[in-house]
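Reading through the structure tokens given below for one structure.
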Number of protein chains: 2
Amino acid sequence: MSDSRNSTRAGGVPPATVGRLPLYLRALGDFKAQGKQEVTSEELADAVKVTSAQLRKDLSYLGGLGTRGSGYKTEDLVATISSTLGVNREWPIVIVGCGNLGLALASYEGFSKRGFRLAALFDTAPDIVGIKVPAPDGEQITIKDISDLSSYVRMNNIQIAVITTPASSAQQVCDQLVNAGVYSIMTFAPCTLKVPSGVDVRQMDLASELQILTFHEQTKANEVISI
Amino acid sequence: MSDSRNSTRAGGVPPATVGRLPLYLRALGDFKAQGKQEVTSEELADAVKVTSAQLRKDLSYLGGLGTRGSGYKTEDLVATISSTLGVNREWPIVIVGCGNLGLALASYEGFSKRGFRLAALFDTAPDIVGIKVPAPDGEQITIKDISDLSSYVRMNNIQIAVITTPASSAQQVCDQLVNAGVYSIMTFAPCTLKVPSGVDVRQMDLASELQILTFHEQTKANEVISI
């Protein structure tokens with residue numbers, strides 16, 4: 001996925017390392033669920049499909065963790081990575097755009113389990129605004145009118161938003177969010193958003209991800225042809 | 001997003017470059033739509049938020065394109081990148097798992113516009129199998145029973161599949177796909193899939209993407225505190 005700040009080193013941690021920390025955290029969650037109190041760097045690296053040298057280098061940015069030759073305490077490593085990523089607290093998020101994708105994300109269990117709480121949903125369509133949507137925690141969330149977006153975001157100190165509108169309205173929604181103080185945006189709209197410096201955008205470009213797969217498919221086909 | 005082959009150089013192109021090629025292609029599509037017949041490396045780099053040095057290095061893997069000081073012909077660059085990525089043809093894809101997310105992807109216009117055709121949808125639930133779903137091209141696609149997955153994939157030479165099942169059934173679906181000859185898989189299930197060497201998996205981990213945003217939010221907050 002593209003990152004609007006992929007050349008900066010926020011907090012002294014290289015962007016590629018930041019991108020891998022959530023994957024380590026997810027794998028550690030699996031190990032913890034299996035009752036493993038310690039993991040070796042080889043086990044963790046293997047779970048995330050990186051080399052153990054890469055893993056050790058990544059973790060070195062988080063300070064003294066584990067010692068050469070012995071493993072990491074699962075619980076300690078979870079705490080350190082969670083704290084580095086800022087997910088040792090709950091983040092309220094809003095989703096703007098309640099088509100199929102927005103509603104799919106509203107009920108996505110992966111968010112609530114990993115530090116995020118769906119605070120509100122917004123749309124423009126009069127026939128959708130007011131509908132109640134079931135959230136993963138069993139609560140019902142009413143879709144709000146987009147005209148209430150700015151005031152809601154300011155009142156509730158929302159810092160993270162997800163855009164699931166069509167490409168044609170994504171920039172306008174993005175501007176509205178940024179003006180209201182949201183500086184971290186995940187977007188599924190298939191277009192590049194223009195944001196001021198200091199605003200982070202994660203563009204989830206599903207067709208681009210598939211095109212990476214076709215590259216490999218084609219390369220495999222060419223290798224077969226050239227044998 | 002994580003890539004199960006991120007340490008290999010398929011076709012002599014580094015994985016990071018492969019990951020950026022679809023972004024260049026998307027930006028070039030925008031330039032083309034604006035009627036721009038030539039683009040400079042600065043313009044294209046700026047649209048994708050990389051340095052122009054990075055762009056030139058990436059494009060150098062694709063052979064002689066453009067010349068120093070002058071721009072690239074938009075049409076030529078689109079053709080070269082499309083051909084490198086293998087998207088100068090249409091790829092049929094199947095989606096396994098027809099919950100909210102699967103249905104959202106089934107109607108995702110970004111796929112059909114960029115080289116992919118939804119060939120079939122699969123699910124296990126008897127109350128969903130048989131339902132007709134509208135595809136972006138206006139056609140109706142009937143959800144098939146997952147017991148027909150292997151034979152369908154073999155008969156129709158499907159090479160790319162998208163998994164949108166819950167985590168609990170993702171590995172089983174993945175095994176079924178790989179056994180039937182699908183070696184390129186995009187998965188939204190929040191778990192790491194085990195695949196044999198030679199199979200490419202793109203894991204779309206939405207919570208991990210959000211955690212990258214919280215890292216930046218937290219870093220910004222800490223910077224303010226430390227002033």
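Here is how names work: the chains are called A, B, and so on, in the same order as the sequence lines, proteins then strands, and each is numbered from 1. Since this is a predicted model, take the numbers as computed values, not measurements.
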Applying a strict 4.5 Å limit to non-hydrogen atoms, the region of I160(A) in contact with chain B is side chain
Cut-off 4.5 Å, heavy atoms of chain A, and the answer for F188(B) is both
- Can you find a pair of side-chain heavy atoms, one from P22(A) and one from D205(B), that are under 4.5 Å apart? no
Item to complete: Return yes if a side-chain donor-acceptor contact under 3.5 Å exists between R26(A) and Q203(B), otherwise no.
Response: yes
Shortest non-hydrogen pair, L101(A) vs L101(B), comes out as CD1-CD1, 3.9 Å
Is the backbone of S83(A) close enough, under 3.5 Å, to the side chain of Q218(B) for a donor and an acceptor to pair up by distance? yes
Between T214(A) (side chain) and G86(B) (backbone), is there a donor-acceptor pair under 3.5 Å? no
To the nearest 0.5 Å, atom CG of L210(B) lies from atom CZ of F111(A) at 4.5 Å
Taking the side chain as every heavy atom from C-beta outward, state whether Y183(B) and H216(A) have any pair of such atoms under 4.5 Å apart.
no
Between V18(A) and F215(B), the two heavy atoms sitting closest are CG2-CE2, 3.4 Å
Greatest number of non-hydrogen atom pairs under 4.5 angstrom with chain B, of D30(A), I185(A), L103(A), T84(A), falls to T84(A)
- Within 6.0 Å of CD in E42(B), more than 12 heavy atoms from elsewhere: yes
Between S208(A) and L23(B) the two heavy atoms that sit nearest each other are OG-CD2, 3.7 Å
When the 4.5 angstrom heavy-atom criterion is applied to S107(B) and chain A, the contacting part is side chain
Highest number of heavy-atom pairs under 4.5 Å with chain A among A106(B), S184(B), A104(B) belongs to S184(B)
Max heavy-atom pairs within cutoff under 4.5 Å with chain B, candidates L213(A), T192(A), V87(A), goes to L213(A)
One option among T164(A), N100(A), V162(A), I93(A) has the most heavy-atom pairs under 4.5 Å with chain B, and it is N100(A)
Greatest number of non-hydrogen atom pairs under 4.5 angstrom with chain B, of Q159(A), Q211(A), M186(A), falls to Q211(A)
### Query
Should L206(A) and L105(B) be marked as a side chain to side chain contact (heavy atoms under 4.5 Å, CB included) after you check the CA-CA gap, both sets of side-chain angles, and the distance that decides it?
CA-CA 9 Å; L206(A) 306 179; L105(B) 296 183; 3.4 Å; yes
Cut-off 4.5 Å, heavy atoms of chain B, and the answer for L21(A) is neither
Turns out that what part of F116(A) lies under 4.5 Å from chain B's heavy atoms comes down to side chain
Could you walk me through whether E217(A) and D200(B) pass the side chain to side chain contact (heavy atoms under 4.5 Å, CB included) test, one step at a time? CA-CA 9 Å; E217(A) 273 300 320; D200(B) 290 297; 5.9 Å; no
Bottom line for A47(A): the part with an atom under 4.5 Å from chain B's heavy atoms is backbone
